[in-house]
Amino acid sequence: MSARQVFEDSDTKRPLTMPHQGLLLFRMAPLCMLLGMLMVSCFNFCLCHKNSEFALTNPEKSSTKETERKETIAEEELEPKILEVFHPTHEWQALRPGQAVPAGSHVRLNLQTGAREVKLQDEDKFQTNLKGSKKGKRLDINTNTYTSQDLKDALAKFKEGAEMENSKEDQERQAKVKQLFRPIEELKKDFEELNVVIETDMQIMVRLINKFNSSSSSLEEKIAALFDLEYYVHQMDNAQDLLSFGGLQVVINGLNSTEPLVKEYAAFVLGAAFSSNPKVQVEAIEGGALQKLLVILATEQPLTTKKKALFALCSLLRHFPYAQQQFLKLGGLQVLRSLVQEKGMEVLAVRVVTLLYDLVTEKMFAEEDAELTQDMSPERLQQYRQVHLLPSLQEQGWCEITAHLLALPEHDAREKVLQTLGALLATCWDRFHQDTQLHKTLGTLQAEYQALAALELQEGEDEGYFQELLDSINSLLMELR
């Protein structure tokens with residue numbers, strides 16, 4: 001009988017293994033205890049002899065130690081090195097990185113190469129001290145050996161050296177400029193050899209007046225002199241200079257010439273000189289320019305001559321209330337009325353209407369501004385109040401004359417006439433209200449400009465030119481009802 005059979009239960013035939021297993025565990029228990037004690041001993045040994053790089057440590061302590069280690073390395077890197085002393089000369093030399101520059105040296109940055117360059121000042125007080133410096137040694141400078149006066153003297157010499165350097169550069173630049181341009185003295189000499197004289201505006205105007213006033217000058221020469229003179233007197237200072245040497249009166253006297261061209265160009269010059277120049281305007285009134293211009297407009301003259309005379313008259317009257325008073329006293333409105341009614345003078349009629357509109361609105365705005373701001377002088381305000389323009393226009397029939405000019409075919413002419421009608425509305429309301437021809441003309445123009453304004457609206461212009469004209473016509477019709 002085998003051992004397995006001895007331990008089998010006779011009824012169940014199951015092997016009897018449990019006692020056998022317990023016996024094995026009992027025998028292995030001492031061995032496990034011995035193995036555990038060995039592991040504990042090894043762990044304690046590792047804790048006692050652990051490596052700081054691999055051990056589990058406090059993060060705050062480790063970061064602190066790491067920071068201290070980096071600072072130590074940075075301090076070692078920032079420790080001053082022994083610099084090589086650079087010995088400059090009186091010529092520019094490139095400075096290599098790591099080289100020390102002696103005190104008082106002139107250092108600059110070359111913008112072309114990007115390198116720093118060094119050279120000695122012309123008067124370098126430290127050069128003799130630096131000759132004995134050996135290459136490869138650190139500069140030993142004791143600041144206590146220099147007084148404040150020594151430092152001031154060194155700074156002064158440094159500035160002197162910089163100024164000398166700048167003066168050399170300036171001289172070089174000036175030499176280059178001289179090569180490109182010639183001195184004015186040489187140019188004057190060349191012009192003198194070529195019979196060309198450099199003149200100021202004053203000298204040119206004197207020469208032109210003398211040429212115009214000379215009896216030996218031909219008609220063409222006189223006209224050319226006046227034509228050139230008009231270019232200069234546009235400037236206010238030149239116009240006053242013309243007055244200073246008597247040239248203005250010479251041109252005013254030219255209005256009496258028997259030659260229409262001389263009258264035309266003399267008026268052209270005067271119109272340019274009068275424009276927005278009160279000093280010249282006053283002298284012109286005293287010199288009789290207003291009377292002479294009215295004579296040209298009242299007599300038979302070419303259209304171009306009258307056009308220039310009217311231009312000069314407008315320049316003389318605008319913003320000059322005293323001249324406006326004299327204009328009314330001399331019968332200026334009658335002269336302009338005859339001019340407008342003259343056949344073939346429709347172009348001048350529009351300019352006359354524009355002048356009247358400007359004079360009416362100028363007086364009205366001047367009086368309003370004087371009441372609101374009180375900036376105008378009492379004398380000038382009194383002069384404007386003495387200009388009785390609106391009553392004179394009503395008395396001399398300008399209400400009807402202006403209304404009849406509305407029949408002109410040009411849109412620009414109609415615009416100016418409509419403006420003048422609006423300015424005269426308060427004075428001429430009775431005349432306008434009774435003028436059936438004016439109502440008929442306004443109705444016709446209303447229909448015409450309604451169609452033109454509709455075309456503008458189709459093209460995307462909400463407030464076009466024709467719509468503005470239509471609004472002016474509608475406003476007049478509403479006021480006259």
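The closest side-chain donor-acceptor pair between Gln394 and Thr427, if any, does not fall under 3.5 angstrom. With no hydrogens or angles considered, a side-chain donor-acceptor pair links Gln93 and Thr89 at under 3.5 Å.
For the pair Thr200/Gln203, a side-chain contact is recorded, criterion being any heavy-atom separation below 4.5 Å from C-beta on. By the 4.5 Å heavy-atom criterion applied to side chains, Leu452 and His411 are counted as neighbours. A heavy-atom distance below 4.5 Å is found between the side chains of Leu393 and Val360. A heavy-atom distance below 4.5 Å is found between the side chains of Leu313 and Leu290. Leu442 is listed as a side-chain neighbour of Leu480, based on a closest heavy-atom distance under 4.5 Å. With a 4.5 Å cut-off on side-chain heavy atoms, Leu310 and Leu336 count as touching. Side-chain atoms of Asp201 and Asp241, non-hydrogen and from C-beta on, never get closer than 4.5 Å to each other. By the 4.5 Å heavy-atom criterion applied to side chains, Thr420 and Leu405 are not counted as neighbours.
Taken from CG in Asn213 to NZ in Lys222, the straight-line distance is 7.5 Å, to the nearest 0.5 Å. Interatomic distance, OH of Tyr265 versus OG1 of Thr305, reported as 9.5 Å (0.5 Å rounding). In this structure, the separation between CD on Glu283 and CD1 on Ile252 is 8.5 Å, given to the nearest 0.5 Å. Here the straight-line distance linking atom CD of Glu400 with atom SG of Cys428 works out to 7.5 Å at 0.5 Å rounding. Atom-to-atom distance recorded for Glu342:CD and Leu303:CG is 9.0 Å, nearest 0.5 angstrom. Atom CE of residue Met364 and atom CG of residue Leu389 lie 12.0 Å apart, to the nearest 0.5 angstrom.
With respect to Lys363 and Glu367, a salt bridge is recorded, a charged nitrogen being found less than 4.0 Å from a carboxylate O. With respect to the salt-bridge test (charged N to carboxylate O, under 4.0 angstrom), the residues Lys416 and Asp412 qualify. Look at Lys211 and Glu221 and you find no salt bridge, because none of the NZ, NE, NH1 or NH2 atoms lies under 4.0 Å from a carboxylate O.
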For Val353 and Val340, what are the C-alpha separation, side-chain angles and deciding distance, and is it a side-chain contact (heavy atoms from CB on, under 4.5 Å)?
-> CA-CA 9 Å; Val353 168; Val340 168; 5.8 Å; no
Could you check His106 against Leu120 for side-chain contact (heavy atoms from CB on, under 4.5 Å), going step by step and ending with a plain yes or no?
-> CA-CA 6 Å; His106 190 183; Leu120 288 175; over 6 Å; no
CA sep, side-chain torsions, deciding dist, call: Glu448, Arg414, salt bridge (charged side-chain N to carboxylate O under 4.0 Å, His left out) | CA-CA 12 Å; Glu448 179 182 352; Arg414 293 173 180 175; 3.3 Å; yes
Steps toward side-chain contact (heavy atoms from CB on, under 4.5 Å) verdict (Leu469, Tyr465) | CA-CA 7 Å; Leu469 293 179; Tyr465 175 72; 3.6 Å; yes
May I have the step-by-step check of side-chain contact (heavy atoms from CB on, under 4.5 Å) for Asp435 and His404, ending in yes or no?
-> CA-CA 10 Å; Asp435 193 339; His404 294 162; 4.2 Å; yes
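Cation-pi check for Arg108 over Trp92 is met; the charged atom lies under 6.0 angstrom from the ring centroid and within 45 degrees of its normal.
With hydrogens and angles ignored, the 3.5 Å screen pairs no side-chain donor or acceptor of Ser214 with any backbone N or O of Asn210. For Ser392 (side chain) and His388 (main-chain N/O), a donor-acceptor pair under 3.5 Å exists by modelled atom type. Side-chain atoms of Asn474 come within 3.5 Å of backbone N or O of Leu470 as a donor-acceptor pair. In terms of modelled atom types and a separation under 3.5 Å, the side chain of Asn253 and the main chain of Gln249 share a donor-acceptor contact.
The two residues Leu418 and Ser472 make their nearest non-hydrogen contact at CD1-CB, 4.3 Å. Heavy atoms only, all atoms of each residue included: Leu226 and Val262 are closest at CD1-O, 4.0 Å. Glu456 and Gln467 make their closest contact through OE1-N, 3.4 Å (heavy atoms, listed as atom of the first residue, atom of the second, distance). The two atoms that bring Phe432 and Ala403 nearest to each other are CE2-CB, 4.3 Å, heavy atoms only. Closest of all the heavy-atom pairs between Val251 and Leu229 is CG2-CD2, 4.0 Å. Of all heavy-atom pairs spanning Ala370 and Leu381, the tightest one is CB-CD1, 3.7 Å.
For Asn110, the side-chain hydrogen bond (donor to acceptor under 3.5 Å, both in side chains) partners two or more places apart in sequence, or in a different chain, are Glu117. Contacts of Arg351 classified as salt bridge (Lys or Arg N to Asp or Glu O under 4.0 Å), with partners at least two apart in sequence or in another chain: none. Under the rule for a side-chain hydrogen bond (donor to acceptor under 3.5 Å, both in side chains), the partners of Gln240 that lie at least two apart in sequence or sit in another chain are Asn277.
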Anything under 3.5 Å between a donor and an acceptor, one on a side chain of residues 314-328, the other on a protein residue two or more places apart or in another chain? List them.
residue: Ser315; atom: OG; partner: Gly271; partner atom: O; Å: 3.2
residue: Ser315; atom: OG; partner: Phe311; partner atom: O; Å: 3.1
residue: Arg318; atom: NE; partner: Asp358; partner atom: OD2; Å: 3.2
residue: Arg318; atom: NH2; partner: Asp358; partner atom: OD2; Å: 2.7
residue: Gln324; atom: NE2; partner: Leu317; partner atom: O; Å: 2.9
residue: Gln324; atom: NE2; partner: Glu362; partner atom: OE2; Å: 3.2
residue: Gln325; atom: NE2; partner: Gln383; partner atom: O; Å: 3.0
residue: Gln325; atom: NE2; partner: Gln386; partner atom: OE1; Å: 3.4

With a cut-off of 3.5 Å and sequence neighbours excluded, list every side-chain donor-acceptor pair involving residues 291-301.
residue: Thr299; atom: OG1; partner: Val295; partner atom: O; Å: 2.8
residue: Thr299; atom: OG1; partner: Ile296; partner atom: O; Å: 3.4
residue: Thr299; atom: OG1; partner: Gln301; partner atom: NE2; Å: 3.3

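Pairs of residues two or more places apart, or lying in two chains, never qualify as ring-ring contact (aromatic ring centres under 6.0 Å, His included) while including a residue from residues 228-247.
Counting heavy atoms of neighbouring residues, nucleotides and ligands inside a 6.0 Å radius, atom CZ of Arg116 does not exceed 12 of them. Annotation: Glu463, atom CD; neighbour count of heavy atoms from other residues, nucleotides and ligands within 6.0 Å does not exceed 12. Under a cut-off of 6.0 angstrom, the local environment of CZ in Arg380 is crowded, with over 12 non-hydrogen atoms contributed by other residues, nucleotides or ligands.
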